[in-house]
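First comes the structure, then the notes that go with it.
Lettering of chains follows the sequences in order, A, B, ..., and the numbering in each one begins at 1.
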Amino acid sequence: MYRRLASSLLGRRVRHPRFTPVCLRQDSGGCDRWEEEKKEDGVKWTQLEHRGPYFAPLYEPLPDDVHFYYDGKPLKLSLATEEIATFYAKMLDHEYTTKEIFQNNFFNDWRKEMTLMEQKIITDLDKCDFSEIHKYFVDKSEARKALSKEEKQKLKEEADKIQEEYGYCILDGHREKIGNFKTEPPGLFRGRGDHPKMGMLKKRIMPEDVIINCSKNSKIPKPPEGHKWKEVRFDNTVTWLASWTENIQNTLKYIMLNPSSKLKGEKDWHKYEVARRLKDVVQKIRAQYRADWKSKEMKNRQRAVALYFIDKLALRAGNEKEEGETADTVGCCSLRVEHIKLHRELDGQEHVVEFDFLGKDSIRYYNKVSVEKPVFKNLKMFMKNKDPADDLFDQLSTCILNKHLQKLMDGLTAKVFRTYNASITLQEQLKALTNPDDNVAGKLLSYNRANRAVAILCNHQRSIPKTFEKSMQNLQAKIDAKKQQVEEAKQELKNAEDEFKDTKDDKAKANVEKKKKLLKRLEEQLAKLNVQATDKEENKQIALGTSKLNYLDPRISIAWCKKFGVPIEKIYNKTQREKFAWAIDMADEDFEF
DNA sequence: ATGAACACTTAGTACCACACTT
DNA sequence: AAGTGTGGTACTAAGTGTTCAT
């Protein structure tokens, strides 16, 4: 019943594309963008119906023959204590369980959940032996891997059923996929980088913690048997379906729609339209911040230098963070004196600023940049009489900066520069790198290089894959083998040509053609492998996905595909095509960012 | 004016299914 | 049939920026 309703909605949608390629520019006004009537300001939907979150499975106690040992002796733990012990036991071969902060945080939180008796006994983590529990879970995961095809199929069907039931909602008559419909299971918190809270206990989310958001007249989701929701509200000015407060940072978590949804798609489109508007005023803004480098007001100078960094280097804004609550990371406005070094001259360049700091996710930003002289002089001044740990821009905050930007352009904030510079860089690089005569593989290499230029600009890194060295060697071996084949084919061709010279007969001529074809094919294969190797090497430490998904206006890529006859599937996989459905619908080959 | 709360986007990693070898 | 490499995805942390409360 539910299914039939849903599929009929889907069917209808196919005949009425959700994203109509009209009226991208504000000045073309007056047309209806979407099928639905326009909503009041701030209203996100008129109908929202869903099943509520899918809760993490309850804890299953360990079998009786799996023991926890304290001080060498087996100790039967209470259910709650045992559950938390399993969280730690599962992580045993991770490096972070060796860190003191992790251990202390874990042990503290663990003890809080123990019975009085357990608290009395278990006083020293070093005396805890989780190895049997650890082994139990290793074996269990092995066993799951070893399951037969049929058994795996059955598990998958069960997962699909859950997805089908809980993974979708109805929003304004459309069945939309939900992004994260499951509550996060309990476990030990893992922050990124040097996180002061690593190892703390992340508690189980109960229905009593969850706020449901839906429309009044919809079927209100039922909490699990014997439970109640914390609250049911009907707030159509927000897009989330459910929320709860997590206990580590005391912040809210939300259940929201999948990026393929219309709601998210429109928002994404809007984001790129704002960035495109920046294109029209960016020269003016640049002229202005250059002028402000000489402002009488220190505040303005700091603002202007910071903005220069954000624009030129695509730095993040850098909000203030509560000290001691998170890893020590910074962005532009929160840079400290210790994060930059000034070199009047370095490697033949003048006025070089050497950046070295940890940014979002504790990813290191290291860069040596030659800056314009007034910037250099200003920086010197900002650093004067300060300790290394002092703020570089002590008179500036993201709030001040964004207020200033808002005056320069409606909707302009610091992050728009990142979007703008990423997208414009892709467009320029594609223009510069694409050779229309290349085959598809060659064009894709160009695309990847353009994408890579953006990823480098935005400092999107990844750890070098564990298998990198090995797979590179394998690829090299393939290349060598292919080279060998090419040489052989060359020789064979030469032989065939010699024979033809001698005999001049048709059979020999046909043989020459055959050998030529073979050689050509082999050479193409070799070229392809070489391209692969280059791409792989250049890419080993760079993550392309983040910029592709969040910073590059998809219409640039789609236009490029159309212009150069590259199938869109080569650039975007299925999920990405769903996310960028709006762009695929509207962009033609003439699209300019 | 300020800071906390809130809502939303952006981010890297672990893992797994699957294709491809061996 | 097992090993292996890889793309895709799930997961959830960590940012940004606005709004709310005082």
Would you say [X] places a side-chain N or O within less than 4.0 Å of OP1 or OP2 belonging to [N]?
X	N	result
A:H460	B:dA11	yes
A:K253	C:dA13	yes
A:K264	B:dT9	yes
A:N319	C:dT16	yes
A:R192	B:dA14	no
A:T329	C:dG15	yes
A:R144	B:dC16	yes
A:K202	C:dA13	yes
A:S243	B:dC6	no
A:N402	C:dG17	yes
A:T575	C:dG8	no

Problem - Identified side-chain contact (heavy atoms from CB on, under 4.5 Å) counterpart of A:T413 within the set A:T419, A:N402, A:L401, A:V274 - result: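 Of all the options given, the one that passes is A:N402.
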
Report which part of the nucleic acid [X] touches: base, sugar-phosphate, or nothing (heavy-atom distance under 4.0 Å, all strands).
X	answer
A:G318	sugar-phosphate
A:G359	sugar-phosphate
A:K574	nothing
A:S463	sugar-phosphate
A:P185	sugar-phosphate
A:A327	nothing
A:K44	sugar-phosphate
A:K145	nothing
A:I363	sugar-phosphate

Practice problem: Report yes or no: is the cationic atom of A:R303 (NZ for Lys, CZ for Arg) under 6.0 Å from the centre of the six-membered ring of A:Y289, at an angle within 45° of the ring normal? | Solution: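 Output no; distance or angle outside limits.
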
Margin query: Can you work out whether A:A543 or A:M256 has the more 5'-proximal nearest nucleotide on DNA chain B?
Written below: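 This one resolves to A:M256.
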
Residue pair A:E322/A:R316 against DNA chain B: nearer the 5' end by closest nucleotide is A:E322

Tell me: [atom1] of [X] to [atom2] of [N], nearest whole Å?
X	N	atom1	atom2	value
A:D361	B:dA11	CG	P	8 Å
A:H195	B:dG12	NE2	P	18 Å
A:D328	C:dA14	CG	P	13 Å
A:Q406	C:dG17	CD	P	11 Å
A:K152	B:dC18	NZ	C1'	10 Å
A:D160	C:dT9	CG	C1'	14 Å

Could you please name the option among [options] that lies closest to any side-chain atom of [X]?
X	options	result
A:K415	B:dT10, B:dA7, B:dT13	B:dT10
A:K360	C:dT12, C:dG15, C:dG17	C:dG15
A:Y254	B:dC6, B:dT9, C:dT12	B:dC6
A:K267	B:dT9, C:dG15, C:dA13	B:dT9
A:V238	B:dC8, C:dT12, C:dG8	B:dC8
A:T239	B:dC6, C:dT12, B:dC8	B:dC8
A:A414	C:dG17, C:dA14, C:dT9	C:dG17
A:K182	B:dT10, C:dC11, C:dT12	C:dC11
A:F189	B:dC8, C:dG15, C:dA13	C:dA13

Review point. Taking the nucleotide of DNA chain C with the closest heavy atom to each, which residue, A:Q249 or A:K177, is nearer the 5' end?
Key: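 Here A:K177 is the residue nearer the 5' end.
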
Walking DNA chain C from its 5' end, the first of A:A317 and A:E246 to be reached, judged by nearest nucleotide, is A:E246

Aromatic plane relationship, [Y] with [X] - under 30° parallel, 30 to 60° tilted, over 60° perpendicular:
X	Y	answer
A:F309	A:F355	perpendicular
A:F189	A:H195	perpendicular
A:F580	A:Y572	tilted

| Taking 4.0 angstrom as the limit, do A:K262 and A:E176 come out as a salt bridge? |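 Between A:E176 and A:K262 there is no salt bridge, as every charged N stays at least 4.0 Å from the carboxylate O atoms.
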
- Message: Under 4.0 Å between a side-chain nitrogen and a carboxylate oxygen: does that hold for A:K574 and A:E578?
- Response: yes

field: Criterion ring pair (Phe, Tyr, Trp, His ring centres under 6.0 Å) against A:F130, the qualifying member of A:Y136, A:W110, A:F137
entry: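 Answer to the ring pair (Phe, Tyr, Trp, His ring centres under 6.0 Å) test with A:F130 among A:Y136, A:W110, A:F137: A:W110.
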
